[in-house]
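Quick notes on the structure that follows.
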Protein chains: 2
Amino acid sequence: MSHSGGRRRPPTIHDVAREAGVSRGTVSRVLNGGHYVSPAAQEAVNAAIRRTGYVVNRHARSLITGRSDSIGFLLTEPQERFFEDPNFNVLLRGCTQALAAHDIPLLLMLAGTEDERRRITRYITAGHVDGVLLVSSHSGDPVAEQLREAGVPLVMCGKPIGVGSKVSYVAADDRDGARDMVRHLVSLGRRRVGVVTGPLDTPGGVERLAGYREVLAEAGIAYDERLVVPGDYSRASGEAGAELLLSRVPDLDAVFVASDLMAQGVLTALHRAGREVPRDVAVGGFDDSPAAVASTPALTTIRQPWDRISSEMVRVLLAQIGGDDQSAVILPTELVRRGST
Amino acid sequence: MSHSGGRRRPPTIHDVAREAGVSRGTVSRVLNGGHYVSPAAQEAVNAAIRRTGYVVNRHARSLITGRSDSIGFLLTEPQERFFEDPNFNVLLRGCTQALAAHDIPLLLMLAGTEDERRRITRYITAGHVDGVLLVSSHSGDPVAEQLREAGVPLVMCGKPIGVGSKVSYVAADDRDGARDMVRHLVSLGRRRVGVVTGPLDTPGGVERLAGYREVLAEAGIAYDERLVVPGDYSRASGEAGAELLLSRVPDLDAVFVASDLMAQGVLTALHRAGREVPRDVAVGGFDDSPAAVASTPALTTIRQPWDRISSEMVRVLLAQIGGDDQSAVILPTELVRRGST
DNA sequence: CTGAAAGCGCTTACAG
DNA sequence: CTGAAAGCGCTTACAG
């Protein structure tokens with residue numbers, strides 16, 4: 001475009017105005033929707049913009065409008081967890097794309113430590129982003145509450161626990177998904193169905209366990225505490241969980257695992273214990289993450305509609321920035337049958 | 001902080017000046033390093049800042065300085081590849097952290113399609129970020145050249161192919177790492193060593209293959225084309241590659257694989273073909289990504305120092321934004337021995 | 001529909 | 001060391 005390495009002064013609205021033979025106000029008006037502008041002026045300005053290569057200076061615009069025209073994607077969990085979890089990638093990608101369609105850049109903000117959270121909260125409340133997509137499932141996360149109080153538009157991924165009802169969220173129907181999976185296992189004739197739950201201070205932990213219990217009850221199978229072990233969504237916790245289950249109920253014939261990553265760990269432990277999947281033990285996961293297909297055998301799982309979750313998060317956030325009230329969106333899940341059941 | 005949901009007008013430099021009993025110029029001076037400010041004024045201003053809760057309006061500042069105080073992290077590859085690849089996560093996390101230490105937010109920019117690349121390039125050259133961390137290994141990527149020509153500070157991850165020499169990059173020593181791995185395999189007594197390469201239009205593809213050939217030559221082992229198959233860094237290509245190798249050289253006794261993810265695929269194929277690892281076939285990976293430990297057996301691999309790569313990328317970019325010339329940084333790798341050899 | 005003018009919040013020479 | 005003033009590039013009532 002220009003010579004080697006030199007950034008020359010970019011054209012301003014003033015240059016465009018002169019070029020088009022109109023005032024700067026008129027240029028600004030066509031820039032902002034073209035209301036109250038004659039077709040002739042409109043055209044002259046557009047031509048001038050093309051000729052000069054003008055592009056608006058967002059800083060100047062933001063200074064006036066008070067808006068940054070960017071969105072933050074905030075992670076308040078320890079980072080390892082998120083980066084280990086394939087769901088995170090899918091969500092991040094989906095949100096980036098949905099925002100790109102609106103020409104809105106996404107700022108990735110990682111705040112795994114107390115200290116970082118303080119800094120980021122300050123940064124956000126100072127108005128550097130117009131809204132926040134918050135990925136934090138654990139209850140007791142003060143960030144959500146702080147942002148809400150500061151009046152920052154906010155939408156969470158997953159139904160928040162322990163935050164007032166006044167925060168928007170988008171979530172898959174965890175309980176219903178769990179019901180589908182456990183019904184599937186029961187329909188296969190399995191009766192000693194173990195479960196590796198998610199953390200019980202997360203919605204996925206609580207709701208998926210609740211679905212499991214409901215189906216057991218409806219199938220007339222007694223609830224057995226020995227068949228329930230907690231996990232933390234990590235592969236390692238799935239492995240440990242399966243070992244615990246096997247030690248308590250050696251003849252269990254199915255396991256519902258609250259995430260695919262944990263299910264991978266379960267598979268490993270079952271394999272080591274000499275159990276064949278699905279012949280001896282059927283295994284059902286949750287998420288339909290890349291981990292589900294990478295496993296041997298591939299996992300029967302519950303698909304979370306991540307593409308829709310991310311696009312809905314963006315839609316709700318943008319609406320809220322535009323002045324709408326909070327809202328919650330619950331999306332349906334789907335059973336995907338593969339080799340592990 | 002304030003009441004429910006209301007963002008009130010935040011304090012400006014003017015409020016601070018009044019509160020401190022000085023002029024706005026003086027406030028600005030302490031904000032920007034405190035040069036030419038008396039200790040007394042300094043202190044009064046700091047106290048006023050604390051009392052008012054003032055935080056600088058970055059838009060106003062940027063409007064003057066012409067800088068955005070933010071950095072872009074740009075991916076110009078098809079997104080699937082990057083999100084499948086654990087290295088990407090590590091790099092993204094590392095850069096975010098390194099930048100956070102400088103209080104600089106990172107904008108994540110995904111441009112997998114021709115169309116998106118055009119838009120993003122425009123966005124960047126318009127000055128919305130001060131510099132770009134570019135992750136694009138393939139040669140023939142026009143984005144790097146365009147950004148360079150527009151004078152945008154830029155540092156790439158991996159040695160660029162086919163871009164003029166005038167672009168900064170940070171890379172692990174691919175060739176040396178490959179040499180270490182192949183030497184290791186040969187030292188184990190293996191003589192029919194296959195290789196699954198990376199794409200040959202990427203530095204990792206070219207350099208790691210070169211290292212392989214060098215060691216074979218130095219060990220007096222004839223180069224055999226049948227032992228060389230190309231991959232694309234995906235798990236699937238590793239699997240296919242191993243199958244091809246086995247069909248051509250059934251008694252091969254080692255495989256050097258140019259990425260851990262591909263090595264996972266190789267493991268799968270070998271397992272299916274009834275070969276035991278490492279007894280029958282030793283397998284060496286590259287990256288030391290999470291995939292290396294997740295595999296069975298765990299992979300002997302070449303560690304890329306991602307933490308240093310990301311921090312060096314940030315350091316070089318910041319230096320360049322500060323006016324320094326381009327520079328290249330090559331970082332040493334390390335052999336990590338695990339169960340697969 | 002359009003221009004002239006004020007102002008967003010800050011930085012930076014310029015005089016003192 | 002410090003204040004007054006100009007100006008960064010834009011938007012938005014305000015008159016016409």
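Letters A, B, ... are given to chains in the order of the sequence lines, protein chains preceding strands, and every chain is numbered from 1. Treat the numbers as computed from the prediction; the structure is a model and nothing was measured.
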### Message
Please confirm whether the shortest side-chain N or O distance from A:Ser38 to OP1 or OP2 of C:dT2 is below 4.0 Å.
### Response
yes
### Nearest heavy-atom neighbours spanning A:Ser311 and A:Ala98
CA-CB, 4.2 Å
### Query
To the nearest angstrom, how far is A:Asn57 atom CG from D:dT11 atom C1'?
13 Å
### Task
Round to a whole Å and report the spacing from CD1 of A:Ile13 to P of C:dA4.
14 Å
### Query
Is there a side-chain contact (heavy atoms from CB on, under 4.5 Å) between B:Leu133 and B:Leu74 once you walk through the steps?
CA-CA 6 Å; B:Leu133 301 164; B:Leu74 174 59; over 6 Å; no
### Message
Please determine whether any donor N or O and acceptor N or O are separated by less than 3.5 Å between the side chain of A:Arg29 and the base of C:dG3.
### Response
yes
### Query
Closest to the B:Tyr54 side chain: D:dC10, D:dT2, C:dC10?
C:dC10
### Message
Return whichever of B:Ala41 or A:Leu31 has its heavy-atom-nearest nucleotide of DNA chain D closer to the 5' end.
### Response
B:Ala41
#### Entry: Residue pair A:Ala171 / A:Lys159: nearest heavy atoms and the distance that separates them
CB-N, 3.7 Å
#### Entry: Nearest heavy-atom neighbours spanning B:Trp306 and B:Cys157
CZ3-SG, 4.0 Å
### Summary
When rounded to whole Å, the CZ to P distance for the pair B:Arg67 and C:dT12 reads 11 Å
### Message
Nearest heavy atom decides the nucleotide; on that basis, is B:Pro11 or A:Ser23 closer to the 5' end of DNA chain C?
### Response
A:Ser23
### Summary
Closest to the side chain of A:Ile64, out of C:dC8, C:dC10, C:dT2, is C:dC8
### Query
Do any side-chain nitrogens or oxygens of A:Tyr36 fall under 4.0 Å of OP1 or OP2 in D:dC14?
no
### CA sep, side-chain torsions, deciding dist, call: A:Val132, A:Ile71, side-chain contact (heavy atoms from CB on, under 4.5 Å)
CA-CA 6 Å; A:Val132 173; A:Ile71 295 291; over 6 Å; no
### Query
Under 4.0 Å: is that the gap between some side-chain N or O of A:Thr12 and OP1 or OP2 of D:dG9?
no
### Query
Whole-Å distance between D:dT2 C1' and B:Glu43 CD?
18 Å
### Summary
A:Arg61 has its side chain closest, among D:dG3, C:dT11, D:dT11, to D:dT11
#### Entry: Nearest-Å distance for atom pair NE2/P, residues A:His14 and C:dG3
13 Å
#### Entry: Closest-nucleotide ordering on DNA chain D, the 5'-leading residue of B:His35 and B:Ala60
B:His35
### Query
Can you tell me if B:Thr52 and B:Asp15 form a side-chain donor-acceptor pair at under 3.5 Å?
no
### Query
From C:dA13, C:dT11, D:dT11, pick the nucleotide closest to the side chain of A:Thr65?
D:dT11
### Task
Describe the nucleic acid contact of A:Thr26 in one word from base, sugar-phosphate, nothing, applying a heavy-atom distance below 4.0 Å.
sugar-phosphate
### Rounded distance in Å between the C1' positions of C:dT12 and C:dG16
16 Å
### Task
Could you tell me the separation between the CG atom of B:Asp15 and the C1' atom of C:dC10, rounded to a whole number of Å?
13 Å
### Query
Base, sugar-phosphate, or nothing: which does B:Ser28 touch, judged by heavy atoms less than 4.0 Å apart?
base
### side-chain N/O B:Asn32 vs C:dT11 OP1/OP2, d < 4.0 Å
yes
### Task
With heavy atoms under 4.0 Å as the rule, sort A:Val27 into base, sugar-phosphate or nothing.
nothing
## Note on the structure
Whole-Å distance, B:Arg24 CZ to C:dC8 C1', equals 12 Å
